[in-house]
Undergrad: 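Before anything else, here's the structure in question.
In what follows, every heavy atom counts, from backbone to side chain, and hydrogens, waters and symmetry copies are set aside.
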Amino acid sequence: MKRLLPVFFLFFLFSLQVSAQNNEFEKELYIGVGGGALMSSIDFVPSVLQGQHFGIHGGVSAKYISEKHLGLLLELNYAQRGWTEDFPAESGFAYSRTLHYLEVPFMTHVYFGRKLRFVINAGPQLGFLLGSSATMNDALASDIDAKKQENPNVGMQYSSKPRNFDYGIVGGIGMELNTGVGNIELEGRYYFGLGDVFENRKSKDDFYFNRSAHRIIEAKLSYFFKVK
């Protein structure tokens with residue numbers, strides 16, 4: 001969490017600077033809804049072979065344009081993150097785990113253009129775990145049970161309990177179209193987790209992973225209507 005504090009500090013300094021600009025600009029306030037698809041994985045150290053894990057995300061947002069080309073974007077989203085492991089086809093093994101999160105990104109919003117805008121969003125994001133679900137086939141379960149008798153660290157990612165809190169940096173680029181009855185925005189984002197999904201060796205000596213952080217690619221379609 002300490003690694004994220006400078007980001008919050010710079011973000012709020014920038015917000016204050018934006019708010020302190022001249023008052024001649026007509027400020028804009030938008031409320032929106034949006035959602036889309038995501039591909040996620042976990043950056044495990046020691047590494048775990050993975051394919052892409054697909055999920056959905058969506059929620060509500062508030063966008064405040066306080067200066068020409070600059071504003072703030074706050075969202076409240078639900079997201080399905082997780083990972084799917086990649087095994088050799090001949091092994092017959094299969095495993096995937098979905099982690100359900102409530103996400104709260106605080107982003108600086110930068111745009112260029114009028115009716116058609118090029119947009120850039122970036123800032124810190126907090127995540128709160130709502131629950132998790134996993135699927136493991138019988139072949140993998142039997143193999144893990146046999147190997148654990150020799151090495152209790154085998155399959156730690158299957159039995160470890162995920163942390164309830166996550167944090168990181170999110171950024172995205174996209175296009176926004178003003179239709180006259182609202183704004184439609186299409187955006188691609190990347191989330192770089194700074195926190196770990198599981199307890200790590202830095203905090204507890206008897207834990208297996210040095211790192212287990214989220215890496216997420218998102219596609220999002222949003223609709224905004226102007227309030228002010």
Side-chain angles (χ1 to χ4, degrees), residues 1 3-40 55-81 101-128 130 165-195 214 216-228:
M1 184 65 179
R3 289 176 289 179
L4 198 59
L5 291 178
V7 178
F8 276 112
F9 181 70
L10 292 174
F11 174 77
F12 285 113
L13 280 182
F14 179 78
S15 302
L16 291 174
Q17 181 181 359
V18 169
S19 300
Q21 300 293 331
N22 67 75
N23 296 322
E24 296 179 1
F25 177 78
E26 184 178 349
K27 297 176 175 57
E28 303 172 6
L29 176 63
Y30 296 87
I31 301 297
V33 295
L38 60 81
M39 296 188 301
S40 64
I56 60 172
H57 66 101
V60 296
S61 55
K63 180 166 59 178
Y64 181 60
I65 307 298
S66 57
E67 181 64 20
K68 187 176 181 180
H69 303 306
L70 294 172
L72 303 173
L73 179 61
L74 173 65
E75 297 180 350
L76 182 65
N77 298 318
Y78 163 77
Q80 296 175 339
R81 309 180 188 177
Y101 278 90
L102 182 67
E103 300 176 340
V104 186
F106 304 83
M107 292 180 286
T108 296
H109 175 75
V110 180
Y111 71 92
F112 303 96
R114 296 179 63 85
K115 185 176 179 64
L116 181 62
R117 294 177 173 180
F118 174 75
V119 299
I120 302 173
N121 298 315
Q125 177 174 290
L126 305 179
F128 304 91
L130 301 175
F165 178 68
D166 180 61
Y167 61 95
I169 302 295
V170 63
I173 58 174
M175 301 297 295
E176 182 178 3
L177 177 64
N178 186 341
T179 66
V181 292
N183 293 7
I184 299 174
E185 181 178 302
L186 180 62
E187 182 188 5
R189 290 183 182 177
Y190 183 75
Y191 175 73
F192 186 86
L194 297 176
H214 288 285
I216 305 172
I217 298 173
E218 301 177 348
K220 186 173 186 180
L221 181 65
S222 301
Y223 172 78
F224 292 93
F225 61 92
K226 192 173 182 179
V227 177
K228 176 182 176 183

Undergrad: Distance from Tyr64 atom OH to Leu73 atom CG, nearest 0.5 Å?
TA: 14.5 Å
Undergrad: For atom CD1 of Ile173, decide whether the heavy atoms of other residues, nucleotides or ligands shown that lie under 6.0 angstrom number more than 12.
TA: no
Undergrad: Atom CD1 of Ile120 and atom CG of Leu70: how far apart are they, to the nearest 0.5 Å?
TA: 10.5 Å
Undergrad: Show, in sequence, the C-alpha distance, side-chain angles and deciding distance for Leu126 and Phe165, and conclude whether the side chain to side chain contact (heavy atoms under 4.5 Å, CB included) test is met.
TA: CA-CA 8 Å; Leu126 305 179; Phe165 178 68; 3.8 Å; yes
Undergrad: Would you say the side-chain atoms of His69 pair up with the backbone N or O of Tyr111, donor to acceptor, closer than 3.5 Å?
TA: yes
Undergrad: Nearest 0.5 Å, please: how far is CD1 in Ile169 from CZ in Phe192?
TA: 9.5 Å
Undergrad: Quick one: pull up CG in Asn121 and NZ in Lys220 and give me the separation to the nearest 0.5 Å.
TA: 9.0 Å
Undergrad: Please round to the nearest 0.5 Å and tell me the distance separating atom CD of Gln125 and atom CG of Leu194.
TA: 10.5 Å
Undergrad: Is any side-chain heavy atom of Met175 less than 4.5 Å from a side-chain heavy atom of Leu116?
TA: yes
Undergrad: Going by side-chain contact (heavy atoms from CB on, under 4.5 Å), Arg81 matches just one of Met39, His57, Glu103. Which one?
TA: Glu103
Undergrad: Does some side-chain heavy atom of Leu38 sit less than 4.5 Å from a side-chain heavy atom of Ile217?
TA: no
Undergrad: With Ser61, which of Tyr223, Tyr30, Phe224 fulfils side-chain contact (heavy atoms from CB on, under 4.5 Å)?
TA: Phe224
Undergrad: Which pair of non-hydrogen atoms, one from Asp166 and one from Gly195, has the smallest distance, and what is that distance?
TA: OD1-O, 3.9 Å
Undergrad: Roughly how far, to the nearest 0.5 Å, is the CG atom of Asn183 from the CG atom of Asn178?
TA: 4.5 Å
Undergrad: Determine whether a donor-acceptor pair (N or O, by modelled atom type, separation under 3.5 Å) exists between the side chain of His109 and the backbone of Leu74.
TA: no
Undergrad: When you check the gap from the basic side-chain N to the acidic O, do Arg117 and Glu28 get nearer than 4.0 Å?
TA: yes
Undergrad: Does the separation of the ring centres of Tyr101 and Tyr78 fall below 6.0 angstrom?
TA: no
Undergrad: Flag the pair Arg189 and Glu75 as a salt bridge only when some basic side-chain nitrogen lies within less than 4.0 angstrom of an acidic carboxylate oxygen.
TA: yes
Undergrad: Are the side chain of Tyr191 and the backbone N or O of Gly168 linked by a donor-acceptor pair below 3.5 Å?
TA: yes
Undergrad: Among Lys63, Lys115, Arg114, which residue meets the salt bridge (Lys or Arg N to Asp or Glu O under 4.0 Å) test with Glu176?
TA: Lys63
Undergrad: Test Ile184 against Leu221 for side chain to side chain contact (heavy atoms under 4.5 Å, CB included), laying out the working first.
TA: CA-CA 7 Å; Ile184 299 174; Leu221 181 65; 3.8 Å; yes
